[in-house]
Amino acid sequence: MSKSAIQERISQLRQVLKNNDISAIIIPSADPHLSEYLPEYWQGRQWLSGFTGSVGTLVVTHDFAGLWADSRYWVQAADQLEDTGITLQKLQPGSPNHAQWLAANLNAGDSVAIDGNVLSLAEQDRLLDAFDEVVDSEEDGIRLITELDLLGEIWQDRPELPSAQLYAHDAQFVSQSAQEKLAEVRAQMQEIGATHHLISSLDDLAWLTNLRGSDVDYNPVFLAHMIVTADKATLYIDNVKVGEDIAKLLADAGISVADYDQVQSALSELTPDDLLLLDPNKVAVGTLNDLGDDIAMIEQIAPSTLLKSVKSKEDIEHVREAMRQDGAALCEFFSEFEARLNNGERLSELDVDSMLIEVRSKQPHYVSPSFPTIAGFNENGALPHYRATEDKFSYLEGDGLLLIDSGAQYQNGTTDITRVVGIGNVNEGQKRDFSLVLKAHIALAKACFPDGIASPLIDAICRAPLWQAQMDYGHGTGHGVGYFLNVHEGPQVIAYAASNPPERAMKVGMISSNEPGLYREGRWGIRIENLVINQPVPTPQETEFGHYLNFETVTLCPIDTRLVNPSLLTQDEINWLNDYHTHVYNELKDRVEGEALTWLTERTQAI
């Protein structure tokens with residue numbers, strides 16, 4: 001997209017603001033389901049700004065345009081926003097977020113527009129709170145307008161909403177029926193007195209129905225809403241997506257089907273005697289447009305979000321097999337990748353992506369990548385969410401480090417792994433950084449912690465080795481991972497800056513990532529990521545102080561010991577690394593052959 005095209009779009013939007021007597025507009029990265037990855041129809045922030053990061057908020061006024069992004073995107077955003085007239089606003093402690101900036105720069109009586117279809121109930125409350133802080137009277141305050149889609153007035157070639165067919169999650173990998181899952185949700189509704197439950201989050205709906213879709217890249221989900229009562233469940237979806245086989249599965253589960261757009265009118269039929277349960281972070285204001293003002297609501301995390309975060313023993317066994325499949329594919333990839341480089345072939349970051357898709361697609365039950373591959377060489381690796389494109393990529397030439405963060409969706413599990421490999425000569429500074437990140441990774445992998453501890457609290461265990469060297473990284477250490485669902489899944493998050501609500505408690509069966517990193521801007525980036533599962537400590541030393549958990553590492557792929565300075569590791573850390581590599585070898589040796597087996601054998605040798 002040209003810079004001039006972005007400038008023209010901003011100019012057109014400003015004219016729309018003037019025509020509607022509106023002072024500012026907020027365009028977030030969101031859709032009516034508050035998803036992380038969005039259908040093209042809802043990628044308004046990217047279309048308007050040219051910034052391709054997955055998270056960011058654009059604000060446009062009559063004389064200002066700014067994009068708020070966190071540290072993962074600062075370098076990328078600065079590059080993509082240059083000469084567009086849009087200013088990068090860095091989200092960091094001490095700096096105002098977009099709501100605070102608007103409150104400080106607008107006047108009493110001004111109005112701010114945001115499409116209610118991309119505004120969560122919780123975010124609406126945060127905006128109103130920020131606006132209320134700077135005025136004494138509600139009448140004189142900044143008005144929030146959510147009924148208008150102003151972007152739609154200038155986005156003439158807006159893509160259509162997706163209409164791909166639904167399909168069933170393969171029955172051999174489903175440990176609980178849709179009827180059983182609905183019964184658990186209804187039991188929790190009854191416990192809190194809710195008569196109706198609105199679910200808009202797409203991964204919750206896919207989990208609850210045991211269905212999958214292709215409406216969102218990388219996540220096997222479909223656009224829909226659901227309303228659940230004590231004796232009825234209705235899925236609001238584009239009927240074009242529901243074939244005869246899926247309609248039968250839904251009917252057998254006791255789920256009726258209605259048109260996607262009818263959810264608002266269904267909510268309008270609630271009476272003051274009803275009590276509506278919804279997750280305010282996952283329901284859009286626009287979905288509630290027709291809800292009566294006198295309808296009482298319970299605003300809390302959806303029961304299905306908590307239920308699906310804890311994988312069954314059967315699910316976990318399937319995930320272990322998916323990890324073996326993924327590990328075998330990675331052996332094929334790395335052996336071929338290194339051989340082609342050693343033969344003098346000119347490879348680029350884009351080749352890494354295509355090669356990974358090729359080897360993974362040969363594995364049983366493969367569906368798609370689980371997110372856009374991050375293959376960043378040297379300075380590109382220092383951008384945590386870098387993505388090579390046809391317009392901008394690097395060749396793997398000279399000396400340095402290549403960071404590869406990739407994953408796949410299999411019917412029997414979702415994978416996410418990051419490895420770093422050396423290209424040409426690797427210097428001692430790079431080995432030191434890699435070894436310190438490895439120490440951090442091992443610290444978390446070996447950790448024991450109380451059952452039910454708030455997940456953000458264990459982040460410090462991982463960061464301690466880096467903090468000891470006065471180093472750190474700007475992203476979280478771990479996120480939840482779905483089971484053939486979203487690669488980023490709540491409620492748990494291993495990040496010390498995150499809040500600690502009760503739902504973030506660590507429980508047996510949760511799958512999370514362990515991914516500390518270190519990024520030297522303009523030079524190189526390092527991240528080592530495995531997926532781990534919360535398990536009870538197998539042989540407790542003590543029992544009177546409660547139950548304790550530890551992590552089972554399930555990702556199976558060698559960590560490049562050529563980048564390790566063993567003198568920086570303790571003997572316990574060396575033992576962990578050697579034991580991990582022995583486990584990787586034993587799990588994968590019968591699944592690969594030829595050059596891939598040779599590569600696996602060499603890369604799992606003890607240090």
Side-chain angles (χ1 to χ4, degrees), residues 32-34 116 119-126 128-129 176-210 224-237 250 253-258 262-310 312 451-452 454-455 480 489-492 499-507 509-510:
H33 310 277
L34 290 308
L119 175 66
S120 73
L121 199 61
E123 179 62 16
Q124 176 181 250
D125 290 344
R126 287 188 284 267
L128 293 174
D129 287 345
Q176 193 177 22
S177 71
Q179 298 98 311
E180 291 170 328
K181 292 176 178 178
L182 277 168
E184 290 189 351
V185 169
R186 287 181 170 123
Q188 295 198 25
M189 290 173 58
Q190 183 177 16
E191 186 175 329
I192 61 176
T195 61
H196 295 71
H197 178 24
L198 170 63
I199 307 170
S200 292
S201 48
L202 303 185
D203 56 333
D204 284 285
L205 294 174
W207 176 84
L208 194 56
T209 59
N210 287 332
H225 303 274
M226 181 180 281
I227 296 177
V228 181
T229 68
D231 55 7
K232 186 178 181 182
T234 304
L235 185 69
Y236 296 88
I237 187 170
L250 288 168
I255 300 171
S256 59
V257 177
Q262 290 181 4
V263 65
Q264 287 94 343
S265 60
L267 290 169
S268 72
E269 296 174 3
L270 270 62
T271 72
D273 293 329
D274 295 320
L275 183 57
L276 177 64
L277 168 65
L278 56 77
D279 184 340
N281 290 295
K282 290 293 185 178
V283 169
V285 170
T287 307
L288 304 175
N289 273 346
D290 297 334
L291 185 70
D293 293 336
D294 54 354
I295 305 301
M297 296 189 296
I298 302 174
E299 298 183 21
Q300 65 181 52
I301 192 168
S304 51
T305 301
L306 297 173
L307 291 167
K308 72 177 169 57
S309 70
V310 176
S312 69
D451 188 356
S455 55
E489 177 182 274
Q492 78 273 29
S499 60
N500 297 322
E503 58 264 24
R504 286 195 167 144
M506 292 295 259
K507 299 178 181 179
M510 286 180 162

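This chain uses plain numbering: 1 for the first residue, then up along the sequence.
Inspection of the Ser200 and His33 side chains reveals no N or O donor paired with an N or O acceptor under 3.5 Å. Looking only at atom types and distance, the side chain of Asp204 has a donor-acceptor partner in the side chain of Thr305 under 3.5 Å away.
Nearest heavy atoms, Ala284 versus Gly116: CB-O, 3.6 Å. Pairing each heavy atom of Pro491 with each of Leu306, the nearest pair is CG-CD2, 3.9 Å. In terms of heavy-atom proximity, Arg504 sits nearest to Ser499 at NH1-O, 3.0 Å. Of all heavy-atom pairs between Ala258 and Gln262, the closest is CB-OE1, 3.6 Å. Of all heavy-atom pairs spanning Glu299 and Asp125, the tightest one is OE1-OD2, 4.4 Å. In this structure, Ala224 and Leu235 approach most closely via the heavy-atom pair CB-CD1, 3.8 Å.
Between Leu275 and Ile192, every side-chain heavy-atom pair lies at or beyond the 4.5 Å cut-off. Residues Arg126 and Asp129 have side chains not in contact (no heavy-atom distance under 4.5 Å, counting atoms from C-beta outward). In this structure, the side chains of Met297 and Pro280 stay at 4.5 Å or more apart for every pair of heavy atoms.
Under a 3.5 Å cut-off, the side chain of Thr271 and the backbone N or O of Asp273 do form a donor-acceptor pair. Between the Ser120 side chain and the Lys282 main chain, no donor and acceptor come within less than 3.5 Å of each other.
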Open item on the list: As a quick check of understanding, evaluate side chain to side chain contact (heavy atoms under 4.5 Å, CB included) for Gln188 and Leu277, giving each step before the final call.
Closed with: CA-CA 10 Å; Gln188 295 198 25; Leu277 168 65; over 6 Å; no

TODO: Evaluate the criterion side chain to side chain contact (heavy atoms under 4.5 Å, CB included) for residue pair Ser256 and Lys232; output intermediate values, then yes/no.
DONE: CA-CA 8 Å; Ser256 59; Lys232 186 178 181 182; 4.0 Å; yes

- [ ] Might you work through the side chain to side chain contact (heavy atoms under 4.5 Å, CB included) test for Leu182 and Leu208, ending with a clear yes or no?
- [x] CA-CA 7 Å; Leu182 277 168; Leu208 194 56; 4.0 Å; yes

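With sequence neighbours left out, His197 forms a ring pair (Phe, Tyr, Trp, His ring centres under 6.0 Å) with no residue at all. Listed by chain and residue number, Glu180, Lys181, Glu184, Trp207 satisfy the side-chain contact (heavy atoms from CB on, under 4.5 Å) test with Gln176 (two or more places apart in sequence, or in another chain).
A side-chain contact (heavy atoms from CB on, under 4.5 Å) with Leu267 is found for one member of Thr287, Leu278, Asp290 and no other, namely Thr287.
Separating the CD1 atom in Ile298 from the CG atom in Asp279 is a distance of 12.5 Å, to the nearest 0.5 Å. Atom CD1 of Ile295 is separated from atom CG of Leu288 by 11.0 Å, given to the nearest 0.5 angstrom. The distance from atom CG of Asp203 to atom OG of Ser304, rounded to the nearest 0.5 Å, is 8.0 Å. Here CE of Met510 is found 7.0 Å from OG of Ser455. Values are rounded to the nearest 0.5 Å. Between the CG atom of Leu198 and the CG atom of Leu121 there is a distance of 10.5 Å, given to the nearest 0.5 Å. How far OG1 of Thr195 is from CG of Leu276: 7.5 Å, rounded to the nearest 0.5 Å.
Heavy-atom contacts from other residues, nucleotides or ligands closer than 6.0 Å to CD of Gln190 number 12 or fewer.
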